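Predicted model, so just to flag it, every value in this text is computed and none were measured. Proteins come first, then strands; the chains are lettered A, B, ... in the order of their sequence lines, and each starts at number 1.
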Protein chains: 2
Amino acid sequence: MATIRDVAAAAGVSVSTASRVIAGNPATSPASRAQVTAAVKALDFRPNTQAQSLRSTRTNSLGLLVSDVRNPFFADLAHAAEQAGLDAGYVTLLGNANERVDQQDRYLNTLIQRRVDGILLTPHGDGSGAIADIVRRGIPTVFVDRTVDGVDVPTVTTDSNKGIQQAVQHLSSMGHTRIGFISGPQSTSTGRERWAAYTNALAMSSLAADVELVYFGDYQTASGAAGMQKLMNLQTPPTAVIAADSLMAMGAISCVHEMKLKIGRDVALIAFDDIEMFTLLDPSLTVVSNNVHEMGKLAVGLLIDVIGGRNPQSIVLPSELIIRSSTSSAEQAGSIITRGH
Amino acid sequence: MATIRDVAAAAGVSVSTASRVIAGNPATSPASRAQVTAAVKALDFRPNTQAQSLRSTRTNSLGLLVSDVRNPFFADLAHAAEQAGLDAGYVTLLGNANERVDQQDRYLNTLIQRRVDGILLTPHGDGSGAIADIVRRGIPTVFVDRTVDGVDVPTVTTDSNKGIQQAVQHLSSMGHTRIGFISGPQSTSTGRERWAAYTNALAMSSLAADVELVYFGDYQTASGAAGMQKLMNLQTPPTAVIAADSLMAMGAISCVHEMKLKIGRDVALIAFDDIEMFTLLDPSLTVVSNNVHEMGKLAVGLLIDVIGGRNPQSIVLPSELIIRSSTSSAEQAGSIITRGH
DNA sequence: CTGAAAGCGCTTACAG
DNA sequence: CTGAAAGCGCTTACAG
């Protein structure tokens, strides 16, 4: 591979001058600019990023560590962040924590060693381990979607209160009084927040809270199926269920299918995240949606602010209910469930 | 941040010795090993990867450039490759080409500049541009899922012939004679191969080929919807349709729903890729499946071989038909479609 | 087993 | 506007 030394030689200038031309430094003569540009082209020269950043301590790269690439929500988030990063001149190195703290920490270490300029993270765990490291080292970091108590970095999150409140109201207005909840893990802020929002919303709609109606999953498909099964096998099963993420909603649906029941008719379902495929299901799914694209874009913006030494405010985006066909009337659902058993 | 110089000083040894201990070089005394290990711990030292790889010309990183992260097939592929890479000591930098040649080339350049040890790519285009660059420079590269004519790098692909043949046979055995095909773009090898396989399979089942029944999409959702619409609006619409990837299948389904028709009853559908969500649809989708996990794992294995200077053979994996509920009898489908119009 | 020295490919004050 | 020189943080022959 050609080095800048080769370019300088071919252009008949010093390495310094070649470097300046390549970097776009205005302190260069038109003549050397032409010479160097031609040499770069002729030799197909690509600066070695390792060497550049070793010297300049910038890498023009961002690390994005998501909880689970296979979750459509995070795939969309990754896509949005990557595009926003690219527009700002950053390349985004994507990592996948697989909803596991150990894998998150491993990737975080890798990103530290590669000296990424900043890290975008959907954090998992209690903020010890690698998260404590990056904060202590002062590596520019922004949390997205999730937060960690006691860790003071800017965040971009969604306030699910409004969406969940609308969801419970909507179900209540259709006569549902027993609303199940398949919760996310309590080791994540979203898991805790959504559960609390559900509990609050029940109270606001004057519905009794029944601990039996809450199942704690882990944001993965299998736990959604297990949760739905447990709920439907209760003495008095719920007539409606809210699932706290898309993957668990998918699991819940598969469980309902296996029981030879039908979503919307036998049990109403509200999912989280506005996944394209949810509109294709029969019935299409009512969802609490958040603007994932905006989230990714804003998070990259905040991170660039932090990298630039600024101290940006955290951002909280609203959520909202999108009503589709999976939420039917309780009378209907109740009667059929009764028949079903 | 602590450097190796700090570690050496704290341990009371030379930088060379510190480096050797850290690298696990056996030519070190137990005493200095203990000293250095303690110093590393005390200072929380992390070697600077930039500097390491600048010197050793290895980066222990792999670049993985997929066509579209939001496509579940590629998300699964990324996940599989990343895990396999991690197991072999590599960190995988994931990039997203968005099914666009220009974005692919941009990322490829970035990966070259970062001196990744090898590149895993689902290639797009004709092999000019950045792909020609990486081949010319001899950067270890493996193509996965797709190939590029005239570019001689090891590949891991799926032979879709068998799966498509089974699909057509299956449909034919159920009485379907007009089988539509929503094809991938002809700028990809899979797009060309699957179309050819479809044409062949028709002949093998003694079905007439009708150019009207083929629509050329771009592997994205919208084109699947457009394709289905075109097919269903034909004078004599098909009674069954095969969609060449999961996203286009999703688009096709949404189009059918909008027409107030039902998959399986009004038109049979076979999709590509065994996406979890396809099992949840009503009716569940018959698919031509390939083992994406195996693909990702094998591709990483080949890439590591190439990096190691070996010259591995390309691998072709089989595809197979998984029959579910979206493929009904033609009599039924035909009659209802006739009624529907 | 150990240390001094050179060098990976760049950038950046410094002096002119 | 330009060049010589130092140095970013490591690794690796080399000599002992």
(request) Locate the shortest heavy-atom distance separating B:V148 from B:P123; write the atom from each residue and the value. (result) CG2-CB, 3.5 Å
(request) Output yes when A:R146 and A:E99 qualify as a salt bridge under the 4.0 Å nitrogen-oxygen rule, no when they do not. (result) yes
(request) Produce a footprint string for nucleotides 9-16 of chain C: one letter per nucleotide, 5' end first; B if the base is under 4.0 Å from any protein heavy atom, S if only the sugar-phosphate is, - if neither. (result) BBBBB---
(request) Would you check, one step at a time, whether the test side-chain contact (heavy atoms from CB on, under 4.5 Å) holds for B:T188 with B:Y219? (result) CA-CA 10 Å; B:T188 62; B:Y219 280 148; 3.6 Å; yes
(request) Whenever both distances are under 3.5 Å in a Watson-Crick or G-U wobble pair, mark it; put DNA chain C into dot-bracket that way, with [ ] for crossing pairs and | when the partner is on another strand. (result) |||.||||||||.|||
(request) Go through the side-chain N and O atoms of B:T122 and B:D145 and say whether any donor and acceptor fall under 3.5 Å apart. (result) no
(message) Using modelled atom types and a 3.5 Å cut-off, is there a donor and acceptor pairing between side-chain atoms of A:R137 and backbone atoms of B:M1?
(response) no
(request) Check for a donor-acceptor pair, side chain of B:S19 on one end and backbone N or O of B:V15 on the other, with a separation under 3.5 Å. (result) no
(message) I need the residues from residues 24-36 of chain A with at least one non-hydrogen atom less than 4.0 Å from DNA chain C; give them sorted by number, or say none.
(response) none
(request) Would you please name every residue forming a side chain to side chain donor-acceptor pair (under 3.5 Å) with A:T155, sequence neighbours left out? (result) A:S314
(request) Applying side chain to side chain donor-acceptor pair (under 3.5 Å), name anything that partners A:R100, two or more places apart in sequence or on another chain. (result) A:D102
(request) Before giving the answer on side-chain contact (heavy atoms from CB on, under 4.5 Å), spell out for A:L93 and A:L64 the whole-Å C-alpha distance, their side-chain angles and the decisive distance to 0.1 Å. (result) CA-CA 6 Å; A:L93 311 184; A:L64 168 59; over 6 Å; no
Return a table of donor-acceptor pairs under 3.5 angstrom between the side chains of residues 293-300 of chain A and protein atoms on other chains or two or more places apart.
none

